[in-house]
Structure formats: structure tokens, C-alpha cells
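By convention in this document, chain letters (A, B, ...) are assigned in the order of the sequence lines, proteins followed by strands, and residues within each chain are numbered from 1.
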Amino acid sequence: MIRVTDTLSGKKETFTPGGDTVKMYVCGVTPYDESHIGHAMSYIIFDVIRRYLRYRGHQVKYVQNVTDIDDKIIERAARLGTTTSALAEKFTRSYQEDMAALNVEPPDFNPRATGEVAKIREIIEGLVAKGYAYPAGGSVYFRVRNSPDYGKLSHRTLDSMMAGARIEPGEEKEHPMDFVLWKAARPGEPSWDSPWGQGRPGWHIECSAMALKYLGESIDIHGGGQDLIFPHHENEIAQSESFTGVKPFARYWLHNGLLQVGDSKMSKSTGNLISIKEILARHSADTLRLFVLSSTYRSPLTFSEEGLEAAGRGAERLIQTAGRSGGNGKSLDVLAYRKQFLEAMDDDFNSARALSSLFDMARAINQAADSKQDIDDALKTFKELAQNVLGLTLKATEKQIGDASPFIALGNSLIAEIRETNSGLADELQKSYPADGDGGQYINWLICARAKLRAAKQFQTADEIRKKLLELGVTLEDTPQGTVWKYRK
RNA sequence: GGCGACGUAGCCAAGUGGCAAGGCGGCGGUCUGCAAAACCGCUAUUCACCGGUUCGAAUCCGGUCGUCGCCUCCA
């Protein structure tokens, strides 16, 4: 039994989907710039939720929109002298690359706002016909006063919103909180035909349209960042339920806490953005996923380089475990750890607690491997949870060695050094010295040279190789199967 | 001003009535020629502070202080 915290009720509820397939909608990005690590956090979380539901035997249909037309896109495109569609396309693709790099599975449907104008118009017309919306000056507004429960998601009333006071004067609106469904086009802006004249969809309406079109009138999970609760999701509920007359529009509203940098939220308006690409240049997807998953998804998370490094070391331990092999002793049973893992995930996707079970399991596996127990089944369970549920790759980050020259230099000076005391060995090494190749080849050669030196008990020179390699970012590990190396910066 | 969240070890973080998970770091040990990796042991008598309820509270109630979010484009 899975329990989820629903923003609407404010409580932890038993999760029971409306049908055989879990219908899941998560708000996507507005592609006018590179995606940032706040996006990474949110989409990693919903990716894990989706994976877990599937792991628990649910079919999941996952829809995510792309808001490819809005004020920011228009503004940015104009500034850069490009079209809104070219700009949106560029950053949509960049976003998709980022998600792939983070091992976030693509949605089943990924509709663009501009591709759904027909459905959007249909809904607005319906809302106008029912008296929930009214045209004014070529735009169409939603009439919040006709939705008595407006404010139920964000737990506030119209009166309390008015008290907040940061509301601009009425313009064409009947009520200050009325929001735009259809925006009249200004000269030169991209626009579509409508009964109210040339214009384009407002922000909130596309999500209602897509959810209704791709998932139906009542969906199971609607997700997004906490910053979307008001006004975006509040408005989605109002529009959707007013249009269809079906309640609830979403059975469960899930919201992730926001990523902070330093002492404030990272956001577009404060400009303290760190892009996903920037982070992935320094840290692996597993590192980032572990960093995000080691706290509960509803809490705010403070980004820090130290935090990522800590997560990275943890990730390495898991990767190390995944690569182990046991013997043919007694078979290790890890079902108790698996049970704990599932109990944690069942409890509102408590990935932090689930991870503690995974680390415990890793320790048990390492221990068993050390004592030559059979760890095949254990490893299978371990990987299933780490990869299929948490979406970790468990692959060591093989960073490309850009420049082989430091390794070549190291090899050359080594030969010269050895020649002073042992010309025979120097000749032998010289013979096997790679004429060219990538850094890896030279590293392998250096490891080979070190093995010969160790065999000859020339530990000082051998250790020097290890030390120099470490300075270049290469760690050596001597295992019974030989020496393995890792490159990390 | 309104609404909401949070304050647990050096750092990150789980735990919402019954002896304080896990990760990172640190210290000691096993293994190793020495390391690395892995493993073992230790690392919070105490959960912002004050008061209350209870046989029993990090967990419930009241208050104080502090941090953050939303109320405006945002994942």
C-alpha cells in the first residue's frame, strides 16, 4: 500500500488510482534558456515516483508539457533576433538532452502548447459558454468569482489573496484575481485565430488542455514544484473542473520542495541559476540523483558543492558494490533490506530512508563478497532497486582524458630514470612504449611498468608512479585481478 | 500583512509518543611491501530555547527565538 502526501487535502493519503493505468501529469519547462539544477531536482523526483509505481506493478502513463509560447520566449526571441519557435525548439532539445544525461526517462507524451491550440480554444469556448470565463478586449479571462472553491489547493481564500495586495489594477478584468486564458496578440507576436480575434494561449490553460486530451477528465497524479501551487495549479483546477464538471481534476497533487542556493531559492528572477550542463561537467548523473534522493522530496534542498561531493563518494560505494563478485559459498539473502526499502518508498516515496536500506544492503553484499559467499541473487536485487527504481546507472564515470601529453611525459621521464640504474629494464619498457594513443593506453603502460618494478621490489619508483598518476587524477587499486585505474577530476 | 514549511552529530539527513536510520568527514583496527578499495570498531546520554500534558516526548500542546518558501514569471 502506497501512501502519498496530497497538497489539496494537506494529508498523507492511501494511493488508489482511478483505473488500471496511473495517469500522471507533471508540469514541464518553458524553454527559453538552459535548464537548471532546480529542474533536475524536480524531474529526478518525479522520474523516481514514476519508476517506483511501475516497480509496484502499476501501468503508468506520464505526460509532460512544453510551454513553447509565452512572454519570456517572445521577449528573448526578439532580443536574440530569432523566432519563438526556433528558440523554443533549441532549448527543448537541450532540456531533453539534459534529462537523458540524468537518466530521466522521457514522458510517454510530451506535447507542445503550440500544438494544442485547438483543444485550448475548445476549452475556453466551453468556459465562456458556461459563464466561467468572459472575453474582454480581445483576451479571455477566467472568472474566479464563479468558482466558489477557488483557492482550495493553496489553502487561501479570495479575500486573503486580496489582502496580500501585490495585485495590479483591474484593466479589463472584472476581478483582480481573474486570470487570462487567451491573450490578445500585440503587433508582431505569434498568434492564432480565435473567436475573440488573433491571440495565444495563456499559461495555465495548456496544462488543462493536455491533461484532458492525453489523460482524461480525472487524472491520478499531478506533479510539479511547490512554486507552481499558486497560481498555476490552482488555476488549472478551476479551469478543468469548471469545464468538465468532473471533480476531482487530479486525485493527488504532489509537490516537490524547491532547490536553494546559498540562502535563497534559485530562480529565474534572482538570476542565481546553475545549469544542468554546468553540474554534469563536474559530477555524474548518479551523484546528482543521490544528492537529490538523500532527502525527502517535499523538503527544500540546499545546493552545495560539498553536498554533491559527499553524494559522489556515496555513489562510488554503490558502484563499487555493483561491480563485485562473490564465490560459491552460502547464498546471501537481502530480502529484509529490500522489504525495508519498499516500506520506505511506500511511505510517500521516502527515498532518504530507502537509500539507507540500500547502503545497508551494499555493506552486507561487500561483506559476503569478502567471505566468498554467493552474492548473485543479492546483487540482482540490489541493482533492481538502484537502477530500476532510483534510476542510478551504477556505472563508473568514465571521464574522457582530454590530453594524453602529461602521461606521455611521465612515461618518458620514467624510462630515463630507470635507465640510470637498470638499462635492461629501461630497454624492455622502451620497446613496449606506445607510439601514440589516448591517455588510457599510456596509463596502462605505466601500470605495466609499475608491476615490473614491484615484482623487482623497486617499491620506491613504483610508488612514485602511483603518486604522480594520482596528481594527474588517476587512482590505482591493486586487486587480486590486477591493477585497475580510475580517472576523476 | 495573510498562508505555509522547517530548526536532529563537524556537514547532509531519516525518524511524528517507548532505549536517536543512513550518507559524507574524522579516529583506531583488519587486509596490503606501502597504498587504494572493502570490512570491523568508535564518533548526538541528546534532538533551537522555555514551560506544560504523559508512566514515558526529538515526536503532542502553549510560548519565545531563528531560517526559508508562497502570496508576482518560476520545477
Side-chain angles (χ1 to χ4, degrees), chain A residues 7 10 26-30 32 35-46 64 67 70-72 75 151 154-157 159-168 177 203 223-232 234 255-260 263-270 273 290-291 293-296 298-302 304 306-318 320-321 323-324 340 344 347 350-360 362-363 365-371 454 457-460 462-463 466-467 470 475-479 483-486:
Chain A
T7 306
V26 176
C27 288
V29 292
T30 301
Y32 69 90
S35 302
H36 55 72
I37 50 179
H39 296 124
M41 175 187 179
S42 189
Y43 298 122
I44 285 170
I45 285 164
F46 286 105
Q64 186 177 78
T67 306
D70 96 317
D71 290 347
K72 288 262 164 86
E75 202 178 286
S154 48
H155 303 113
R156 44 189 106 169
T157 60
D159 288 344
S160 71
M161 292 180 211
M162 297 305 297
R166 272 191 284 175
I167 295 162
E168 73 248 19
M177 292 312 293
W203 174 36
Q226 269 166 6
D227 50 351
L228 296 183
I229 295 172
F230 190 91
H232 185 54
E234 192 70 69
H255 292 101
N256 64 274
L258 301 179
L259 191 77
Q260 305 191 192
D263 50 12
S264 62
K265 184 183 85 168
M266 183 180 75
S267 74
K268 295 178 180 177
S269 53
T270 46
L273 299 177
L290 220 52
F291 177 67
L293 296 173
S294 59
S295 64
T296 45
R298 283 176 300 108
S299 307
L301 180 63
T302 303
S304 74
E306 306 76 67
L308 274 182
E309 274 162 30
R313 300 226 176 78
E316 279 200 32
R317 237 182 86 201
L318 297 179
Q320 199 75 240
T321 297
R324 297 207 59 161
Q340 282 175 9
D347 184 10
N350 193 327
S351 55
R353 223 164 76 211
L355 269 177
S356 79
S357 304
L358 197 70
F359 275 103
D360 285 342
R363 173 169 290 118
I365 291 172
N366 287 332
Q367 215 170 332
D370 280 350
S371 56
R454 290 176 71 209
K457 302 259 189 254
Q458 295 191 34
F459 293 120
Q460 205 185 337
D463 288 351
R466 187 174 61 201
K467 194 175 146 235
L470 187 62
T475 313
L476 298 189
E477 289 175 24
D478 297 325
T479 75
T483 302
V484 296
W485 61 271
K486 284 180 195 154

Whole angstroms only, please: what is the [atom1]-[atom2] distance between [X] and [N]?
{"X": "A:His155", "N": "B:G2", "atom1": "NE2", "atom2": "P", "result": "19 Å"}
{"X": "A:Glu309", "N": "B:C12", "atom1": "CD", "atom2": "C1'", "result": "13 Å"}
{"X": "A:Phe230", "N": "B:C70", "atom1": "CZ", "atom2": "C1'", "result": "9 Å"}
{"X": "A:Asn350", "N": "B:A21", "atom1": "CG", "atom2": "P", "result": "15 Å"}
{"X": "A:Leu259", "N": "B:C68", "atom1": "CG", "atom2": "P", "result": "15 Å"}
{"X": "A:Arg353", "N": "B:C12", "atom1": "CZ", "atom2": "C1'", "result": "18 Å"}
{"X": "A:Leu228", "N": "B:A75", "atom1": "CG", "atom2": "P", "result": "6 Å"}
{"X": "A:Glu477", "N": "B:C31", "atom1": "CD", "atom2": "P", "result": "19 Å"}

Would you give the length of the straight line joining atom [atom1] of [X] to atom [atom2] of [Y], rounded to the nearest 0.5 angstrom?
{"X": "A:Leu290", "Y": "A:Arg313", "atom1": "CG", "atom2": "CZ", "value": "13.0 Å"}
{"X": "A:Ser42", "Y": "A:Asn256", "atom1": "OG", "atom2": "CG", "value": "3.5 Å"}
{"X": "A:Gln64", "Y": "A:Phe46", "atom1": "CD", "atom2": "CZ", "value": "10.0 Å"}
{"X": "A:Arg324", "Y": "A:Gln367", "atom1": "CZ", "atom2": "CD", "value": "10.5 Å"}
{"X": "A:Leu259", "Y": "A:Phe291", "atom1": "CG", "atom2": "CZ", "value": "6.5 Å"}

Write down the distance separating the [atom1] atoms in [N] and [M], rounded off to the nearest Å.
{"N": "B:C11", "M": "B:A48", "atom1": "P", "result": "14 Å"}
{"N": "B:C68", "M": "B:C61", "atom1": "P", "result": "25 Å"}
{"N": "B:C24", "M": "B:A37", "atom1": "P", "result": "11 Å"}
{"N": "B:G41", "M": "B:A75", "atom1": "P", "result": "47 Å"}
{"N": "B:G10", "M": "B:G1", "atom1": "P", "result": "35 Å"}
{"N": "B:A20", "M": "B:G25", "atom1": "P", "result": "25 Å"}
{"N": "B:A44", "M": "B:A58", "atom1": "C1'", "result": "12 Å"}
{"N": "B:C19", "M": "B:G51", "atom1": "C1'", "result": "25 Å"}

Heavy-atom side-chain contact between [X] and [Y] under 4.5 Å:
{"X": "A:Lys72", "Y": "A:Asp70", "value": "yes"}
{"X": "A:Gln340", "Y": "A:Arg353", "value": "no"}
{"X": "A:Thr475", "Y": "A:Leu470", "value": "yes"}

Reckon [X] has a side-chain N or O less than 4.0 Å from the OP1 or OP2 of [N]?
{"X": "A:Arg313", "N": "B:G25", "value": "yes"}
{"X": "A:Ser294", "N": "B:A14", "value": "no"}
{"X": "A:Gln367", "N": "B:C40", "value": "yes"}
{"X": "A:Arg454", "N": "B:A35", "value": "no"}
{"X": "A:Arg363", "N": "B:G23", "value": "yes"}

Heavy atoms under 4.0 Å, any strand shown: does [X] hit a base, just sugar-phosphate, or nothing?
{"X": "A:Arg298", "value": "nothing"}
{"X": "A:Thr296", "value": "sugar-phosphate"}
{"X": "A:Arg466", "value": "base"}
{"X": "A:Gln320", "value": "sugar-phosphate"}
{"X": "A:Asp360", "value": "sugar-phosphate"}
{"X": "A:Asn256", "value": "base"}
{"X": "A:Phe46", "value": "nothing"}
{"X": "A:Gly28", "value": "sugar-phosphate"}
{"X": "A:Gly224", "value": "sugar-phosphate"}

May I ask which nucleotide in the shown strands pairs with [N], Watson-Crick or G-U wobble, both distances under 3.5 Å?
{"N": "B:A9", "answer": "none"}
{"N": "B:C68", "answer": "B:G4"}
{"N": "B:C60", "answer": "B:G52"}
{"N": "B:A37", "answer": "none"}
{"N": "B:U16", "answer": "none"}
{"N": "B:C47", "answer": "none"}
{"N": "B:A21", "answer": "none"}

Checklist line | Is_stacked (A:Phe359, B:G23) at 5.5 Å, 30 deg | finding: no

Checklist line | 5' precedence on RNA chain B between A:Leu355 and A:Lys486 (nearest-nucleotide basis) | finding: A:Leu355

Next item on the list: Hey, which sits more toward the 5' end of RNA chain B by its nearest nucleotide, A:Asp347 or A:Gln460?
Entry: A:Asp347

Ignoring the backbone of [X], work out which of [options] is nearest its side chain.
{"X": "A:Thr30", "options": "B:C34, B:A75, B:A13", "result": "B:A75"}
{"X": "A:Arg156", "options": "B:A75, B:C70, B:A36", "result": "B:C70"}
{"X": "A:Ser356", "options": "B:A75, B:C34, B:G22", "result": "B:G22"}
{"X": "A:Phe459", "options": "B:A75, B:G33, B:A38", "result": "B:G33"}

Notebook entry, point to check: Any donor and acceptor pair, going by atom type alone, linking the side chain of A:Glu234 with main-chain N or O of A:Ser154 inside 3.5 Å?
Noted result: yes

Margin query: Counting distance alone, no hydrogens or angles: does the base of B:G69 have a donor or acceptor under 3.5 Å from a partner atom on the side chain of A:Asp227?
Written below: no

